[in-house]
Colleague: 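One structure is given below, represented as structure tokens, and several questions about it will come after.
Remember, predicted model here, so these are calculated numbers, not experimental data. Heavy-atom basis, side chains included; hydrogens, waters and symmetry copies ignored.
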Amino acid sequence: MSNNLKRCHVLSHPLVNARLSQLRQTNTNSKDFREGIHDISLILGIEASRDLEEETFQGQTPVGPFTGTTIKPKVGLTPILRAGLGMTDALLSLFPTAAVYHLGIFREKASLQPVEYYSKLPPVPPIDTCFILDPLVATGGTACAALAMIIDWGVPISKIKLLAVLGSEEGLNHIHAEYPELEIWVAAVDPILTLPDGLISPGLGDTGDRLFNTIRV
């Protein structure tokens, strides 16, 4: 991966590595796959939210007064359909009042270009920070399309974070070239993007199919 990706954070944790290794295996069933995506997404969300601004309040415990904190910015979650749904519940457990805005984008098989098919973003963003959820970054085209939609919506790039379970070096470099100020959090990076099908190797396979048990046999 390019050494210039200063805003790309790769998790380095034994629990994440073990969970990801389980996800990679062909014989991992959909239930275990969903749980693994959830667990890794939870850790990604915790790490990616380290710098969220806090505000204080005065409270009372059974013993005495204390100064507590809450998260100040209004957080929005933007899962890219359909695989991004596998990450959503984990982030909602961290931000239970977050708004969720689904973006439907698929990759056309021949050209590998992103095609938008669904968006219900309100006219004006009522959020301060946006987490884009995309488990697998292969070519990076789908993530770039989502970023363009969110930026056009009115959320500045400095307030957007991309969370991914796995990315290819080429895909992450593509995103960085388009949006060098974007903060990216990814559990692991694979070196190979196979062509012409645009699959990450060794990768995870089709994340959506494995999440929702729709693998063709």
Colleague: Which residues pass the side-chain hydrogen bond (donor to acceptor under 3.5 Å, both in side chains) test with W185, not counting sequence neighbours?
Modeller: E183

Colleague: Could you measure the distance from the CD1 atom of I175 to the CG atom of L182? Nearest 0.5 Å is fine.
Modeller: 7.0 Å

Colleague: In Å, rounded to the nearest 0.5 Å, how long is the span from CG of L52 to OG1 of T70?
Modeller: 11.5 Å

Colleague: Assess, by modelled atom type and distance only, whether the side chains of D190 and S168 contain a donor and an acceptor separated by less than 3.5 Å.
Modeller: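 D190 vs S168: no donor-acceptor pair found between side chains.
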
Colleague: Tell me if a side-chain donor or acceptor on D134 pairs with a main-chain N or O of A164 at a distance below 3.5 Å.
Modeller: no

Colleague: Would you mind checking if D32 and R19 are paired as a salt bridge, meaning a charged N to carboxylate O distance below 4.0 Å?
Modeller: no

Colleague: Looking at every non-hydrogen atom in both residues, tell me the closest pair between G141 and P114 and how far apart they are.
Modeller: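 The pair with the smallest heavy-atom distance is O-CG, 3.5 Å.
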
Colleague: To the nearest 0.5 Å, how far apart are CG in N29 and CG in N213?
Modeller: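 The CG atom of N29 sits 8.5 Å away from the CG atom of N213.
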
Colleague: Can you confirm whether L136 sits close enough to D206 that some side-chain heavy atom of one is under 4.5 Å from a side-chain heavy atom of the other?
Modeller: no

Colleague: Among T88, L81, L121, find the residue that satisfies the side chain to side chain contact (heavy atoms under 4.5 Å, CB included) test when tested with H102.
Modeller: L81

Colleague: Taking side chain to side chain contact (heavy atoms under 4.5 Å, CB included) as the criterion, tell me which of N17, L44, V186, L20 meets it with L11.
Modeller: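 Answer to the side chain to side chain contact (heavy atoms under 4.5 Å, CB included) test with L11 among N17, L44, V186, L20: L44.
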
Colleague: At what distance, to the nearest 0.5 angstrom, does CG of L133 lie from CG of L103?
Modeller: 10.0 Å

Colleague: Measuring from atom CG of L15 to atom CG of D39, what distance do you get when rounded to the nearest 0.5 angstrom?
Modeller: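 Here the rounded value is 9.5 Å.
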
Colleague: What's the spacing between R24 CZ and L166 CG if we round to 0.5 Å?
Modeller: 5.5 Å

Colleague: Holding to side-chain hydrogen bond (donor to acceptor under 3.5 Å, both in side chains), I want the full list of residues that pass it with E35, two or more places apart in sequence or in another chain.
Modeller: K31

Colleague: Treating R210 as the side-chain partner and S30 as the backbone partner, does any N or O pair qualify as donor plus acceptor under 3.5 Å?
Modeller: no

Colleague: So do the side chains of Y101 and I150 get within less than 4.5 Å of each other, counting heavy atoms only?
Modeller: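 Counting from C-beta outward, Y101 and I150 never come under 4.5 Å.
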
Colleague: With sequence neighbours left out, what residues match D51 under side-chain hydrogen bond (donor to acceptor under 3.5 Å, both in side chains)?
Modeller: K161

Colleague: Side chains of V75 and L94: closer than 4.5 Å at any heavy-atom pair?
Modeller: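 Result no, sub-4.5 Å side-chain heavy-atom pair not found.
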
Colleague: With a 3.5 Å distance limit and no angle check, can you tell me whether S201 reaches the backbone of T194 through a side-chain donor-acceptor pair?
Modeller: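 No; zero donor-acceptor contacts below 3.5 Å.
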
Colleague: Mind checking whether H9 and E47 have side chains closer than 4.5 Å, heavy atoms only?
Modeller: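 When only atoms from C-beta onward are counted, E47 and H9 do not touch, as no gap falls below 4.5 Å.
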
Colleague: Whether the T69 and E55 side chains hold a donor-acceptor pair (N or O, under 3.5 Å, no angle test) is what I'd like checked.
Modeller: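 On atom types as modelled, these side chains do not qualify, holding no pair under 3.5 Å.
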
Colleague: Verify side chain to side chain contact (heavy atoms under 4.5 Å, CB included) between L162 and Y179, making sure each step is shown before the conclusion.
Modeller: CA-CA 11 Å; L162 173 63; Y179 301 99; over 6 Å; no

Colleague: Give the intermediate values and the outcome of side chain to side chain contact (heavy atoms under 4.5 Å, CB included) for residues I40 and L23.
Modeller: CA-CA 10 Å; I40 293 174; L23 293 180; 3.8 Å; yes

